[in-house]
Amino acid sequence: MGIRQAYTENKMLRYTEDHEWIKLDGDIGTVGISPYAVEQLGDIVFIELPEVGASVNKGTAVAVFESVKAASEIYSPATGKVTDVNSAMLEDLAAITPENAMDNWIFKIRINDETDLDGLIDEEKYNAMIA
């Protein structure tokens with residue numbers, strides 16, 4: 001079973017060590033940041049989203065979250081093309097909390113090569129990493 005099939009069938013999330021998460025639906029990955037990352041940022045005051053249609057590479061910064069504590073770049077977990085952005089999150093930055101971080105996706109990407117996801121970690125390993 002290929003990784004894409006495993007993601008789709010099991011509805012599993014995968015995480016990067018930089019606290020991004022990705023969930024696949026076919027060759028489209030929905031990307032966000034973990035509740036832990038939102039908690040570490042604190043109150044978010046500004047977000048810069050990528051542009052729809054932009055080509056992005058795995059591991060490169062594609063968005064920025066600024067908080068009262070710091071600015072944090074958001075990295076793409078795969079190479080591909082941005083197909084959608086969650087501009088609705090810009091309307092109420094105070095609503096971006098650890099409790100709803102998994103609902104506040106940042107962008108969607110059409111993935112060029114599913115092997116980009118091979119090095120990502122599952123939820124159990126991610127939780128152990130941040131413990």
Nearest non-hydrogen partners of Glu114 and Ile111, listed with the distance = N-CG2, 4.1 Å
Closest non-hydrogen contact found for Phe107 with Pro77 is CZ-CD, 4.5 Å
Any pair with a residue in residues 86-105 that passes side chain to side chain donor-acceptor pair (under 3.5 Å), sequence neighbours left out, goes on the list, sorted by first then second residue, please.
-> Thr97-Glu99, Thr97-Asn100, Asn100-Asn104
Arg14 side, atom CZ; Glu123 side, atom CD - distance, nearest 0.5 Å | 9.5 Å
Do Met102 and Met129 belong to the same hydrophobic cluster, where Ile, Leu, Val, Met, Phe, Trp and Tyr are linked whenever their side-chain heavy atoms lie under 4.5 Å apart, directly or via other members?
-> yes
Would you sort out whether His19 and Ile130 count as a side-chain contact (heavy atoms from CB on, under 4.5 Å), showing the intermediate values?
-> CA-CA 9 Å; His19 310 290; Ile130 62 174; 3.8 Å; yes
Compile the donor-acceptor pairs under 3.5 Å between side chains in residues 53-63 and protein atoms, sequence neighbours left out, one pair per line.
| from | atom 1 | to | atom 2 | distance (Å) |
| --- | --- | --- | --- | --- |
| Lys58 | NZ | Asp116 | O | 2.5 |
| Thr60 | OG1 | Asn57 | N | 3.4 |
| Thr60 | OG1 | Asn57 | O | 2.7 |

Below 4.5 Å, heavy atoms only, C-beta onward: do Val31 and Ser76 meet side chain to side chain?
-> no
Going only through I, L, V, M, F, W and Y residues with side-chain contacts under 4.5 Å, is there a path from Leu24 to Leu120?
-> yes
Using side-chain hydrogen bond (donor to acceptor under 3.5 Å, both in side chains) as the criterion, list what pairs up with Thr16, not counting sequence neighbours.
-> Glu20
Rounding to 0.5 Å, atoms CG (Leu117) and CD1 (Ile22) come to a distance of 5.0 Å
Kindly compute the distance separating CD (Glu73) from CD (Glu66), expressed to the nearest 0.5 Å.
-> 10.5 Å
Reported NZ-to-CD1 distance for the pair Lys108 and Ile28, which is rounded to 0.5 angstrom | 8.5 Å
Indicate every side-chain donor-acceptor pair of residues 33-52 with a distance under 3.5 Å to a residue at least two apart or in another chain.
| from | atom 1 | to | atom 2 | distance (Å) |
| --- | --- | --- | --- | --- |
| Ser34 | OG | Tyr36 | N | 3.4 |
| Ser34 | OG | Ala37 | N | 3.1 |
| Ser34 | OG | Tyr126 | OH | 2.6 |

Not counting sequence neighbours, which residues clear side chain to side chain contact (heavy atoms under 4.5 Å, CB included) with Lys125? List them please.
-> Ile121, Asp122
Heavy-atom closest contact (Thr79 atom, Ile109 atom, distance) = C-CD1, 4.0 Å
What's the spacing between Phe65 CZ and Ile106 CD1 if we round to 0.5 Å?
-> 3.5 Å
